[in-house]
Amino acid sequence: MDKKEFLNELNGIDVRGKNVIALYNEISSLAMKCAGEITPTEGTRNAYYLSMEFLIGRGFFNNLMEIGVLDEVRKVLAGKGVDINIFEEIEDAALGNGGLGRLAVCFLDSAAGLGLPLHGYGIRYKYGLFKQAFENGYQIELPDDWQKFGDPWSIRREGEKRTVKYADMTVTAVPYDYPVFGKRINRLRLFQAEGSEEARKISEYLYPADDTEEGKILRIRQEYFFSAATVAELIENFVKRYGKKFDKFPKYNVIQLNDTHPVMAIAELIRILTTEYSIAFPAALSIARETFAYTNHTVLPEALETWKEEYVRKILPEIADIMIKVSLCAEKELSAYGEERISETAIYKGGQFYMANLAVYVAKKVNGVAKLHTEILKSKTFKAANSIYPDKFQNKTNGITHRRWLELCNVELSGLIDRTIGESWRSDISRLSKLKDFTREIAEEFIQIKTVKKRQLLKYIAQKENIEIQENFLVYSQIKRLHEYKRQLMTAFAVLELYFGLKDGSIKDFQPSVFIFGAKSAPSYKRAKAIIKFINEIAAYINSDAETNGLLKVVFVCNYNVSYAEKIVAGSDVSLQVSTAGLEASGTGNMKFMMNGAVTCGTMDGANIEIVELAGRENNYIFGATVEEIADIKQKGYKPAEYLEGNNKRAVETLIDGTFSDGGTGIFKELYDCLTAYGEPDCYFVLLDLKNYVQTLLEINYDYKDKKSFAIKQLENAANSAYFSSDRTIKEYAKDIWDL
Ligand code: 26Q
C-alpha cells in the first residue's frame, strides 16, 4: 500500500462511536499495510543489532511521520472532529531502561532512514520498565502492561517460531516483527517465550530482580533465549541461501552486540557450527571472530557482567563448556604476553565467566560510545587487551535520531530552521550547520518558539503533577536514570543552596527558575530511591514557601519516559549533565537538549566534551573536576568533610538536621554518611564539585537576563548539533565496523 491509498482508506474510516483505543488500532493497522512484508534483504550483507533493550517509546506519531502522512492524518482526523493528540493516551513501549535501549532504537531509525540493512533482535517483554508512582514521596513500582491497548505495530510470525533448549526445559521463541520505517523498511524482531509457565517467565519482565540465585538464572535464561533464537535463524537463513560454506558466513552477516547482554550468541554460534554442522572448533571460533563486534556502554565495575560457572552450567552445560574452551584458546594465544595480561583478559577464572573479556577477545571490533569513554576503555578497562590488539578498538560517538528528537518533538523549531536554511537538513542533517550563519538574525523568533514549547511543557506538568509554573521561568532539567554517579543528589543540594540564598537575601536579582527532575530508580537500588524521596521532600518544601514561590520551584515528574522526554527536551533552557568525570560513557540526553537549543551545564564527561568542542565552551557552562583532577585527588586521598562548609554544609545537613523526614527509615542519614565518610570516601565526589556547581547555576541565571544573547548561545548549540544525529553515527558503524 502506498501513501495515497493509505490516505484514501483513512478518509473512509468511520469514527463515530469509536473510542481512542479502537481508533488507534484501526489507523495503526492501516498504516502497517504500508510496511508490506518487512523481510531483510537477500543476497547481500546484513547487520544485526542484538540488544536486551529497545526503548521504543510511542510508535504512533513517529511511524506516521516516517511514512510521511502525519500532517495529513492530523487534517483528516480534524475534519472528522477528532484531535490527533488524543493518541497521547497510548502507552509507550518501554522495553528498556535508559540510554542503551534508546540508542538501539535511534540506530534502527537512522539505518532505515539511510537505506542500510540493519535489523534489531531482542525480547518482547510482556511488561516493560515499571510504571512509577509516588507514595508519600517514595517511588513505588507498578507493572507496565504496555500491550493493554493492543500492539498494532507488530506482526506475529507463527510460521517462524523455533525452540530454544535449556538442560531443564524447552521454550518456544515466537518472533514478532516491528517495521522500522525510513527510506527502506527494516525490521525489529522481538521474540516472545511460550510454552510452560516457567517458559513464559523468560519474556515476562525486563530486568527481573537478580539478587537471588533464581533471579540470576532467569537473567541468564533471558540472555541466552534471544541470542540463541537469533543465531539459529541467521544460520538457517545462510544455509538456505548459500549451503554449508560457513567460511562465507561473515561475508553476509555481521552481529553487533549491544553491551555484553547478548554475548552468549558467540558461544551459541560456535555450538551450532561444531555440533550440528561438524565444523572443527578452531574453525568455528575463527568464524565467530569474523562475525561479531561489541559495543561497551559503561565502565562502572558493578555493571560489567560476570556469571558464575555453576549457574550457567546448571541450565546451559554446552555453553559453559564452549566458553571455557574459548577461554583456553585465548590464554594460549596470549601466552607470550605474561601472567598479568593473561589474568586481566581472562574469560574464565575463579569459577566465573567475564562476559566483557569474552566479547573483547572474540569481537573483530570493540567500540566505546564517546571519545573520552573510548580512551578510558583503552587505557583502563581493557588496557591489557588494547596493548595486544590495538587495532580492535575504535570510538563511535553516540547519536540520536533528529527525526524523533527534533522534527517530531519540536515542529515549531523545525519550521524555523526550514524558513531559515530550507528543508534539506531533514534528509541530510549535515546541512543543519548552515544555521550557524543566522543565529543572531533569528534569535527573537527562537525566543518566541522556546516560549511556546515551554508553555506546552508547563501546561502538561500542571495537568500531570499539579504544579503550576509561569512561562517566564528559566527551565533547568535533569532527566535520566537515577544513579549516584549521575549526581541528581548534587543538583538537589545546589537547589537547596539557591533556596537558602534567596531566603537570606544573599542571592539577589535572581531570574525565576524551575528545576525539573525525571528519573526512575532500579527497584532494589536503596540509595537511588532515597534520593528520589529527598528530592520530592525538597520540592514540597520549596514549592509551598509563598516567599520564594515567584522565584524558585522544583518538580520531580512522575513516571518519566520517552514521551515525557520529548516534551522536556523541547521546553528546557538548561541541560544538566553533571556526572562524575569519567563515569558517564556518553550520555544521549545531552544531545537531545542541545539539538533543541538548550545550553549544557555539565562536567567534562562523556559526550559533553564533544558538545562543547563543537558548540563552543563559551556557549555552555562547564564546571567541576576533570578526569585527571579526580584521579589526582583519589591518589592523594579525598577528604569530603573538607568541602563541607558554609552553604554546602547547610544544604547537605538537611539530610540529618530534621528539615526533611524520611519517615524514620534512616535512609537520609545513610546518604549523609556515604557522602561525608572518611573510611571509604564518596567515590562520586559530590561535595567536591558542589560549590562550583552552585556558582555555575548562578552564572547561567545571571546570563539569562540578557534574553537575546542567551538565545544566541542556545541557537549555537542547535546549529552545531548535526554531528550528534545518529545518522552520522550509523554511517561510521556502516563504514568502519559493518562494511555495509
Ligand atoms: C549489568 C549486569 C547485570 C544485569 C544488568 C546489567 C546492566 C543493564 C543495563 C548494565 C548496564 C545497563 C545499561 C546501561 C546503559 O544504559 N548505559 C548507557 O548507555 C548509553 C548509550 O551508549 C550512554 O549514553 C550512557 O552514558 C550509558 O550510561
Side-chain angles (χ1 to χ4, degrees), residues 49 51-55 94-107 122-123 129 205-212 215-223 256-264 294-308 311 352-356 359 367-374 376-377 381 395-401 405 479-487 519-525 562 565 577-594 602-603 605-611 724 726 729-730 733:
Y49 201 80
S51 178
M52 197 83 179
E53 302 186 20
F54 286 93
L55 187 42
L95 310 185
N97 254 304
L100 168 148
R102 184 53 231 177
L103 184 76
V105 180
C106 283
F107 280 5
I123 300 178
L129 184 61
Y205 286 102
L206 169 78
Y207 295 111
D210 66 355
D211 44 0
T212 59
K216 288 199 172 70
I217 288 184
L218 179 55
R219 169 93 186 165
I220 298 172
R221 273 197 216 283
Q222 290 187 320
E223 293 189 354
Q256 188 70 38
L257 302 169
N258 199 25
D259 217 287
T260 55
H261 318 146
V263 162
M264 275 185 281
Y294 156 60
T295 307
N296 173 284
H297 296 268
T298 179
V299 297
L300 294 186
E302 62 270 28
L304 291 175
E305 283 190 298
T306 58
W307 291 121
K308 268 193 184 162
Y311 295 165
Q352 301 248 29
F353 293 112
Y354 289 78
M355 304 309 272
N367 74 282
V369 291
K371 270 192 212 162
L372 173 70
H373 171 59
T374 302
I376 294 173
L377 290 182
T381 318
N395 177 244
K396 291 284 165 280
T397 298
N398 281 167
I400 55 166
T401 169
W405 296 108
I479 51 171
K480 48 189 72 256
R481 287 180 292 136
L482 212 130
H483 201 291
E484 287 163 276
Y485 85 81
K486 293 177 186 277
R487 300 200 291 191
K520 288 180 181 175
S521 154
S524 61
Y525 191 173
V562 171
Q577 310 295 338
V578 301
S579 51
T580 314
L583 297 183
E584 188 69 271
S586 160
T588 45
N590 46 4
M591 302 168 184
K592 293 163 197 165
F593 281 104
M594 177 197 195
T603 48
D605 198 18
N608 295 353
I609 296 174
E610 290 157 80
I611 286 177
F724 299 105
S726 44
T729 316
I730 281 297
Y733 274 86

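Both ligands and their constituent atoms are indexed starting at 1 by order of listing. These values consider heavy atoms only, across backbone and side chains, with no hydrogens, waters or symmetry-generated copies. Counting begins at 1 with the first residue of the sequence. Treat the numbers as computed from the prediction; the structure is a model and nothing was measured.
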Original post:
Taking the side chain from Tyr525 and the backbone from Glu484, do they hold a donor-acceptor pair closer than 3.5 Å?
Top reply: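 Answer holds: yes.
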
Original post:
How far does CG of Asn590 sit from CZ of Phe724, to the nearest 0.5 angstrom?
Top reply: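 If we round to the nearest 0.5 Å, Asn590:CG and Phe724:CZ are 7.5 Å apart.
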
Any side-chain donor-acceptor pair under 3.5 Å between [X] and [Y]?
X      : Y      : value
Thr295 : Asn367 : yes
Asp605 : Ser579 : yes
His373 : Asn395 : no

Subject >> Test side chain to side chain contact (heavy atoms under 4.5 Å, CB included) applied to Thr381 - qualifying residues, sequence neighbours left out >> reply: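 In terms of side chain to side chain contact (heavy atoms under 4.5 Å, CB included), with neighbours along the sequence ignored, Thr381 is linked to Val299, Leu304, Ile376, Leu377.
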
Give me the pairs of N or O atoms, one from ligand 1 and one from the protein, that sit under 3.5 Å apart.
residue	atom	partner	partner atom	Å
ligand 1	16 (O)	Leu100	N	3.1
ligand 1	22 (O)	His297	ND1	2.6
ligand 1	22 (O)	Asn398	OD1	2.8
ligand 1	24 (O)	Asn398	OD1	3.4
ligand 1	24 (O)	Gly587	N	2.8
ligand 1	26 (O)	Glu584	OE1	2.6
ligand 1	26 (O)	Ala585	N	3.3
ligand 1	26 (O)	Ser586	N	3.0
ligand 1	26 (O)	Gly587	N	3.0
ligand 1	28 (O)	Arg481	NH2	3.0
ligand 1	28 (O)	Tyr485	OH	3.1
ligand 1	28 (O)	Glu584	OE1	3.0

